[in-house]
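Heads up: the structure comes next, in C-alpha cells.
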Amino acid sequence: MARIRVRYAPSPTGYLHAGGARSCLFNWLFARHHGGTFILRIEDTDRTRFYKSSLSDIVESLRWLGLDWDEGPEVGGPCGPYFQSERLPLYQKYARELIASGHAYRCYCSAERLKSLREGQRAATPAQNTDAASSHIGYDRHCRELTASQRAELESSGIVPVVRLKVPLDGQTAFHDLIRGRIAIQNEQMDDFVLLKSDGFPTYHLANVVDDHAMEISHIMRADEWIPSTPRHVIMYNAFGWTPPLYAHLPVILSPTGQGKMSKRKLVGTDGREYNVRIREFRSAGYLPEALFNFLALVGWSYDDKTEMLTREQAVEAFDLDHVSRSPAKFSYDKLDWMNGMYIRQLEVNDLAGRLHPFFNAAGVDIDMETVQRMTPLIRERMVKLTDCVALTDFFFVDELHYDPQLLIQKGMTSDQSRRVLSESEALLRETEFVEAALEPPLRAKAEELGLKARQFFGTLRIAITGREVAPPLFGTMEILGREKVLARIATARALLQ
RNA sequence: GCCCCCAUCGUCUAGUGGCCCAGGACACAGCCCUUUCAAGGCUGCGACGGGGAUUCGAAUUCCCCUGGGGGCACCA
C-alpha cells in the first residue's frame, strides 16, 4: 500500500458534534496506527449556510480531544490551501475539463423549473408513474443534449449556467467498501447532478473528488450516509481518468432518543432528559477528553471481547478496519458517564484538582487551589462528571446550614442520646488534633462508650456538621472545615435540639 | 415512491462453520464491605427477528420476509 493519507473534512455550518468527532477520530486513529498523514480540510463551499463561529469551534474541539492534524488550517502543508473556498479556480478548471471531454455539460434550467419538476415527481402516485415518468429520477436532463445554437441563445440571454455531470444512461457503477464489500448501483438510479453552482462554487461532489485526488488521499473513512453518493464520485474519478481512493463507510451514530441518526441539535428524550451532542457541551458538562476519546473510539469499533478502557496509545496501536462494525450504534450516555467516572478516579489528586478548579469558579465558588486539592480526595470517588464537585462540596461554603432538626435523631435513637452525642463530641473535639487520622479513634471510642452504632453516632454528627444525610467522609470533611467551624455547627445543632 | 445499507441480551459489543445450551461492558436487582453516599467485590436477570436452503454440523454461508437506518438539493 502506498502512503496512508486520510482526512476529516467538516463543513463549517455548525459546531462539532459527536458524530463528526467520531468520524474524525477513526481517521486520526487510522493515520496514527499506520504512521500516515492526517489532514483537516474545511469544506466551506456553501456560502448560504456558512457559520462564522463554527470553524473555531471545530478547531478547538478537536484540539481538546487531542486530535491533531498534520496538514490543514493553522498548520499548513504541501497541498494547501485547506479551505475549499480558496481553491475555486481549481474546481472551475476541472469542470471545464469535464465539459471539454464530454463528461459534463452546462445546464440553464431555472430554480423554478427544477422545483416544479421535483414537485411533479413527488405527486405522481405509483399508478400514474408511467415509464416516461419513472425513467427520470431527479433532474430530467433537459439541457443534456442542447445544440450549440440553443446554448448560444441561452447564454446571450444572460443566464448563468451550472455544470452537471453526464451520468451514463445504463450499466452500473460499483465500488469496493473495505468494511462492507462490493456495493453496486444501477446508473439509471442517478441523475445528472450539479458539479459547479452558478455562483462559481463547486458542490460537495466536485470539490470532494478534486481535492481528495489533489491531496493524494489514500482512504476515505466517512459515515454510512455517504454510501449513496459514492458511485457518483466513482463515475467522476473514471471521467477524469483517476484512480479512486479506498472507501470505508462507518456506521452512523443513532440518537439515544430512539428515532433516527443523532442530530446536530440538543436532544431531549421523552422523559425530558437532555443529551449533549456538541463536543463543547460535553466539555462544559464536565466530561474528560480522555474519557470521551475512549468512548468515541468504541462506538462502531471494538478492540476485543472484554476491553473497555483504552489509553490513547493503546487505541492507536490496536485500531484496525476489521473490527469496525457495519451496523449503526446508539450513543450510550449511561456508558459514557460510567467511563468518565472511571477516568476521574484514575486521575492523580493534583491533576484532578487542577481540572476541578475552573468548574468551581464557573459555578461562582470562590476557592483557592490548595483547598481544592484538599477536597479532591474526599469527592474523587463520588463524581461522574467534573461539574459534580460543586454540589458535593456546597456545605463547606455556606455560613448557615439548613436542615430538619429531626434528622439529628438517627434511627433508633432518643433525643437525649442525640444531645449526648453532640455535647460529648464537642468536648472531645476541643482537645483533639484536627487531622483526619487523629479524629477517628476517640470519636469511635465515644460511640462505643455511649452504646451507639457507628451509623447512629456518626449520622448525628454528619447532619450537624454538613447538614446532609449524604456527604463525603466525615473525618476528612472535619479536617478541612477546621475546629472552629465544626464546633460552631455542633453548637448550633445542640441548640436546635433544645 | 425509488435506491442503498444494516440486523447477537434494554444498550454497546465478542463471535469470520464445530472451542457457543453464546463471552464481556453499561444499565438494572440482590448480597458483601462500610460512619452516609459513592467506589470496590460477588451473584443474578437478560440476546443469535421469522421462514426456508446449503452442511455431518450454522449466531456464523445463501435466498425470502419482517424490522431498523440512510439517500434521492445550484447542502455537506
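Heavy-atom basis, side chains included; hydrogens, waters and symmetry copies ignored. So you know, we letter chains A, B, ... as the sequences are listed, proteins then strands, and number each from 1. This one's a predicted model, so the numbers in the text were calculated from it and none came from an experiment.
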Item to check | B/A22: pairing nucleotide in any strand, Watson-Crick or G-U under 3.5 angstrom | outcome: none

Checklist entry - B/A59 and B/G17: how far apart are their C1' atoms, nearest whole angstrom? => result 10 Å

Checklist entry - To the nearest angstrom, how far is A/K330 atom NZ from B/U13 atom P? => result 11 Å

Quiz: residues 401-412 of chain A side-chain donor-acceptor pairs under 3.5 angstrom, not counting sequence neighbours:
| from | atom 1 | to | atom 2 | distance (Å) |
| --- | --- | --- | --- | --- |
| A/D404 | OD1 | A/Q406 | N | 3.0 |
| A/Q410 | NE2 | A/L407 | O | 2.9 |

Checklist entry - Considering only the P atoms, how many Å lie between B/A27 and B/U11, rounded to the nearest integer? => result 16 Å

Item to check | NZ/NE/NH1/NH2 to OD/OE distance under 4.0 Å, A/D191 and A/R232 | outcome: yes

Next on the checklist: Assess whether a salt bridge exists between A/D211 and A/R87, defined as any Lys/Arg side-chain N lying under 4.0 Å from an Asp/Glu carboxylate O.
Outcome noted: yes

Item to check | Within 6.0 angstrom of A/E155 CD, more than 12 heavy atoms from elsewhere | outcome: yes

Checklist outcome for this item: Taken to the nearest whole Å, CD/A/Q84 to P/B/C75 is 13 Å

Item to check | Side chain of A/D224 - closest among B/C5, B/A38, B/C12 | outcome: B/C5

Checklist entry - Hey, is the side chain of A/T203 pairing donor to acceptor with the base of B/C74 inside 3.5 Å? => result no

Checklist entry - Hey, are A/R273 and A/D334 close enough for a salt bridge, meaning a charged N less than 4.0 Å from a carboxylate O? => result yes

Next on the checklist: Work out how far the P atom of B/U8 is from that of B/C62, and round it to whole angstrom.
Outcome noted: 16 Å

Next on the checklist: Is A/K261 close enough to B/G71 that one of its side-chain N or O atoms is under 4.0 Å from OP1 or OP2 there?
Outcome noted: yes

Item to check | Whole-angstrom distance between B/C64 and B/A76, as gauged at atom P | outcome: 36 Å

Next on the checklist: Classify A/V162 by what it touches in the nucleic acid, base, sugar-phosphate, or nothing, heavy-atom distance under 4.0 Å.
Outcome noted: base

Checklist entry - Contact class for A/G341 vs. all strands (heavy atom < 4.0 Å): base, sugar-phosphate, or nothing? => result nothing

Checklist entry - With a non-hydrogen cut-off below 4.0 angstrom, is A/R49 in contact with a base, only sugar-phosphate, or nothing? => result base

Next on the checklist: Without decimals, in angstroms, what is the distance between A/L250 CG and B/C4 C1'?
Outcome noted: 17 Å

Checklist entry - Does B/A59 have a Watson-Crick or wobble mate here (both distances under 3.5 Å), and if so which one? => result none

Checklist entry - What's the CG-P distance between A/L196 and B/A73, to the nearest Å? => result 18 Å

Checklist outcome for this item: Heavy-atom contacts, protein to nucleotides 31-36 of chain B, under 4.0 Å, summarised as B (base), S (sugar-phosphate only) or - (none) per nt, yield ----BB

Checklist entry - So, is A/R380 near the phosphate of B/A39, with a side-chain N or O under 4.0 Å from OP1 or OP2? => result no

Checklist entry - Between A/F175 and A/R182, is there a cation-pi geometry (under 6.0 Å to ring centre, at most 45° from the normal)? => result no

Checklist entry - Within 45° of the six-membered ring axis of A/Y108 and under 6.0 Å from that ring's centre, is NZ or CZ of A/R151 located there? => result no

Item to check | NZ or CZ of A/R22 within 45° of A/F26 ring axis and under 6.0 Å | outcome: yes

Checklist entry - Are the aromatic ring centres of A/Y94 and A/H103 under 6.0 angstrom apart? => result no

Checklist entry - Within this structure, what is the CG-to-C1' distance between A/L195 and B/A73, rounded to whole angstrom? => result 14 Å

Checklist entry - Would A/R41 and A/E43 satisfy salt bridge (Lys or Arg N to Asp or Glu O under 4.0 Å), going step by step from the backbone distance to the final call? => result CA-CA 6 Å; A/R41 184 175 74 216; A/E43 309 219 326; 2.8 Å; yes

Checklist entry - With a 4.0 Å cut-off on heavy atoms, is A/T466 in touch with a base, just the backbone sugar-phosphate, or nothing at all? => result nothing

Checklist entry - Is the distance between the ring centroids of A/F193 and A/H205 under 6.0 Å? => result yes

Item to check | Spacing of A/M342 atom CE relative to B/G41 atom C1', expressed in whole Å | outcome: 13 Å

Checklist entry - Starting at the 5' end of RNA chain B and moving along, which residue's nearest nucleotide shows up first, A/A184 or A/S198? => result A/A184

Next on the checklist: Pick the closest RNA chain B nucleotide for A/I227 and for A/T45 by heavy atoms, then say which residue is nearer the 5' end.
Outcome noted: A/I227

Checklist entry - Which letters describe nucleotides 14-28 of chain B, given B = protein heavy atom under 4.0 Å from base, S = only from sugar-phosphate, - = neither? => result SS-------BBBS--

Item to check | Option from A/F331, A/F282, A/Y333, A/W301 for which ring-ring contact (aromatic ring centres under 6.0 Å, His included) with A/F295 holds | outcome: A/F331

Checklist entry - If the C1' atom of B/G40 is compared with that of B/C48, how far apart are they to the nearest Å? => result 33 Å

Item to check | N or O in side chain of A/K197 less than 4.0 angstrom from B/A73 OP1/OP2 | outcome: no

Item to check | B/C4 and B/A47, which share atom name C1', separated by this distance in whole Å | outcome: 28 Å

Checklist entry - Paired with B/A7: which nucleotide, if any, by Watson-Crick or G-U wobble criteria at under 3.5 Å for both distances? => result B/U66

Checklist entry - Just how far, in rounded Å, is P of B/U13 from CZ of A/F331? => result 12 Å

Next on the checklist: Rounding to an integer number of Å, can you tell me how far A/R222 CZ sits from B/G70 C1'?
Outcome noted: 14 Å

Next on the checklist: Please report the distance separating the P of B/C19 from the corresponding atom of B/G57, rounded so that it comes out in whole Å.
Outcome noted: 15 Å

Next on the checklist: Suppose we define a pair by two distances each less than 3.5 Å, Watson-Crick or G-U wobble; what does B/C2 pair with here?
Outcome noted: B/G71

Next on the checklist: Going by purine N1 to pyrimidine N3 plus the second Watson-Crick contact, or the G-U wobble pair, all under 3.5 Å, which nucleotide sits opposite B/A29?
Outcome noted: B/U43

Item to check | P-based separation of B/U43 from B/G23 [nearest Å] | outcome: 13 Å

